[in-house]
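Beneath this line is the structure, given in structure tokens, with notes to follow.
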Amino acid sequence: MQQQRQRRFSKLFSKTPIAWLQLTYQMRRFFTASLGIAAAVTLMFAQLGFLGALNDSNTVLHKQLRAELVMLSPETEALVLLQNFSRRRLYQALALDEVESVTPMYFARANFKNVKDGRNQVIIMFGINPENSVFGFPTLDAQLTTINEPDTVLFDRYSRPEYGTVVADLEAGERVLAEIDGEDIEIGGIVDFLGVSFGINGSIVTSDINFLRLSPQQHPENIALGFITLKPDADPAAVAAKLNALIPSDALTLTKEDFIVREEGYWRSATPVGFIFQTGAVVGFLIGMYIVYQILYTDISDHIPDYAILKAKGYQKSYFWGMLVQEAAILSVSSFIPGYLLALVLYRIVKAGTNLPIYMPHDRAIIVFCMTIFMCVVSGLLVSKKLDESDPADLF
């Protein structure tokens, strides 16, 4: 039985040159077909890359948290849509023995004016406690004493160019002044912080005291997020459940992982952009399948008499199916390579133009490669019905 399987296996691969020669009989058409499928592969890469950038860019802060739990308003859907809740709810968490410390954070959208060129742009401002920072950004940790200075903020290096030459001026040793909602401030340093996302073009970080002075409409008792650090042996999920049972429904406690899932879910499901990127990947898959189907259909139509002769000589339908599958596999490999290379170029262009964190992880390349093989093989099986037209009787 095993020998029969080995013979079938070797027989299958002995047909590979036939499939290859049939595809490359007209080399120009083969290259054109491969590039057409490669365009669909690039489209899939592009949409999945944008979807990955959507998730990654909006969860930078979440992933850099050193706190195990996050408290927020139940009305908060995403980081850019933070709703305030009472700071007292956060300090109620200290009633649990598992809690080590708590840290509030303030959040606001403010009008940023670059004094040097007079540009006005909306910017995100974070107010944190410099004495107990819970963010794992090394450049922020190194400059926490800076934001203790009155009216001093740190500017996110990866903010959009529309905010002016802030980074270049600071690196050149110049003093950089600006305004936040009409209040004078000084940019005390550069921090590698959130970067650009689909909801944030730029951000600044300052102390909670500076934040409240720059945002007089902000009540000190109302905070945007609360971070809860647990003792080493505490179970974050169990503590979160205790806090949600203990604290009234005007505050919600999440683990760090649930905080990330909540953010990704909002951008993926509750916004049009997430739906568009997912739909785009499906469209690319369907376009590629259609192109492969047309290529193989044309190839079979051109060789109907040849298939009829082979049938007359006793070749079974499984032989032709195997040859179609091999042709589909060859097309998938020949199209994936240029599609992958084009996607790398596209990612670099998008990253340079938008500062979005778009890159090529290994798992995405594997997923798209599997999708390419699948769409090619399925197209090959669908077009196999055309083989029924190769009737040996038509030769006579």
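No hydrogens, no waters, no symmetry mates; every other heavy atom, side chains included, goes into these values.
- Looking at heavy atoms from C-beta onward, Thr372 lies in side-chain contact with Met375 at the 4.5 angstrom threshold.
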Discussion item. Run the side-chain contact (heavy atoms from CB on, under 4.5 Å) test on Lys351 and Thr354 for me, step by step, so that the C-alpha distance in whole Å, both residues' side-chain angles and the decisive distance to 0.1 Å come before the verdict.
Written reply: CA-CA 5 Å; Lys351 186 174 183 179; Thr354 64; 5.6 Å; no
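- With hydrogens and angles disregarded, a donor-acceptor distance shorter than 3.5 Å links the side chain of Gln218 to the backbone of Asn222.
- Here the side chains of Leu225 and Phe259 are in contact, with some heavy-atom distance below 4.5 Å.
- The main-chain N or O of Asn55 is never found under 3.5 Å from a side-chain atom of Arg268 such that the two would form a donor-acceptor pair.
- For Ile209, the CD1 atom counts as loosely surrounded, since its 6.0 Å shell holds 12 or fewer non-hydrogen atoms of other residues, nucleotides or ligands.
- Within a 6.0 Å radius of CD in Glu162, more than 12 heavy atoms belonging to other residues, nucleotides or ligands are found.
- If you take OG1 on Thr255 and CZ on Arg262, they are separated by 11.5 Å, rounding to the nearest 0.5 Å.
- Classification of the Phe112-Tyr163 ring pair by plane angle, with boundaries at 30° and 60°, yields perpendicular.
- The closest side-chain heavy-atom distance from Arg213 to Glu183 is below 4.5 Å.
- Residue Lys256 places its NZ atom among more than 12 non-hydrogen atoms of other residues, nucleotides or ligands, all under 6.0 Å distant.
- When atom types are taken as modelled, the side chain of Asn210 and the backbone of Asp151 share a donor-acceptor pair closer than 3.5 angstrom.
- When only modelled atom types and interatomic distance are considered, Tyr266 and Asn58 share no side-chain donor-acceptor pair under 3.5 Å.
- In this structure the side chain of Phe85 never reaches within 4.5 angstrom of the side chain of Pro74, judged on heavy atoms.
- Ring-plane geometry between Phe135 and Phe193 is classed as perpendicular, the angle between the planes exceeding 60 degrees on a 0 to 90 degree scale with a lower cut at 30.
- In terms of modelled atom types and a separation under 3.5 Å, the side chain of Glu179 and the main chain of Val115 share no donor-acceptor contact.
- In terms of heavy atoms, Ser203 sits closest to Ser159 at N-OG, 3.4 Å.
- Counting heavy atoms from C-beta on, the side chains of Ile123 and Ile180 come closer than 4.5 Å.
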Practice prompt. Evaluate the salt bridge (Lys or Arg N to Asp or Glu O under 4.0 Å) criterion for residues Lys63 and Glu263: first the C-alpha distance (whole Å), next the side-chain angles of each, then the deciding distance (0.1 Å), finally the verdict.
Written response: CA-CA 11 Å; Lys63 295 175 180 178; Glu263 186 79 24; over 6 Å; no
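- Formation of a donor-acceptor pair under 3.5 Å by the Asn244 side chain with backbone atoms of Thr253 is found in this model.
- With rounding to the nearest 0.5 Å, the separation of CG in Leu344 from CD1 in Ile349 is 11.0 Å.
- Looking only at distances, no side-chain donor or acceptor of Glu68 sits under 3.5 Å from a matching main-chain atom of Pro236.
- In this structure, Asp192 and Phe137 have side chains that are not in contact, with every pair of non-hydrogen atoms separated by 4.5 Å or more.
- By the 6.0 Å contact criterion, CZ on Arg348 is open, its count of non-hydrogen atoms from other residues, nucleotides or ligands being 12 or less.
- Looking at heavy atoms from C-beta onward, Asp235 lies out of side-chain contact with Leu230 at the 4.5 angstrom threshold.
- Between Tyr106 and Phe126, a ring centre-to-centre spacing not shorter than 6.0 Å is recorded.
- Under a 3.5 Å cut-off, the side chain of Thr206 and the backbone N or O of Thr152 do form a donor-acceptor pair.
- Under the 4.5 Å side-chain heavy-atom criterion for Ile, Leu, Val, Met, Phe, Trp and Tyr, Leu35 and Ile373 are members of distinct hydrophobic clusters.
- No continuous path of ILVMFWY side-chain contacts below 4.5 Å connects Leu252 to Leu243, so the two sit in separate hydrophobic clusters.
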Worksheet entry | Ile247 and Met71: CA distance, side-chain angles, deciding distance, side-chain contact (heavy atoms from CB on, under 4.5 Å) verdict | CA-CA 11 Å; Ile247 296 175; Met71 186 177 290; 3.4 Å; yes
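- Put simply, the side chain of Leu254 does not reach to within 4.5 Å of the side chain of Val261, judged on heavy atoms.
- Looking only at distances, no side-chain donor or acceptor of Ser57 sits under 3.5 Å from a matching main-chain atom of Pro357.
- Summarising the geometry, atom CD1 belonging to Ile190 is positioned 4.5 Å from atom CG belonging to Leu170; distances are rounded to the nearest 0.5 Å.
- Counting non-hydrogen atoms of other residues, nucleotides and ligands closer than 6.0 Å to CZ of Phe374 gives a total of 12 or fewer.
- For the atom pair CE of Met44 and CZ of Arg364, the computed distance is 13.0 Å after rounding to the nearest 0.5 Å.
- In summary, of the residues considered (Asn129, Asn132, Asp208), a side-chain hydrogen bond (donor to acceptor under 3.5 Å, both in side chains) with Thr103 occurs for Asn132 alone.
- Using a distance-only test at 3.5 Å, with no hydrogens or angles considered, no donor-acceptor pair links the side chain of Asn111 to the main chain of Asp181.
- Linking Ile, Leu, Val, Met, Phe, Trp and Tyr residues whenever their side-chain heavy atoms come within less than 4.5 Å places Val134 and Leu144 in a single cluster.
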Worksheet item: For Lys242 and Glu98, what are the C-alpha separation, side-chain angles and deciding distance, and is it a side-chain contact (heavy atoms from CB on, under 4.5 Å)?
Response: CA-CA 10 Å; Lys242 285 184 181 180; Glu98 297 94 334; 2.7 Å; yes
Discussion item. Determine whether Leu194 and Leu79 satisfy the following criterion, side-chain contact (heavy atoms from CB on, under 4.5 Å), listing intermediate values before the conclusion.
Written reply: CA-CA 11 Å; Leu194 300 187; Leu79 183 64; 4.2 Å; yes
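- Between the Ser215 side chain and the Leu212 main chain, no donor and acceptor come within less than 3.5 Å of each other.
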Discussion item. Using the rule given for salt bridge (Lys or Arg N to Asp or Glu O under 4.0 Å), can you reason through Lys231 versus Glu100, listing the C-alpha separation, both sets of side-chain angles and the distance that settles it, and then say yes or no?
Written reply: CA-CA 5 Å; Lys231 294 178 180 178; Glu100 181 72 32; 5.3 Å; no
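- Summarising the geometry of Leu140 relative to Ser133, their closest heavy-atom pair is CD2-OG, 4.3 Å, with the distance given to 0.1 Å.
- The OG atom of Ser101 lies 13.0 Å from the CD atom of Glu131; values are rounded to the nearest 0.5 Å.
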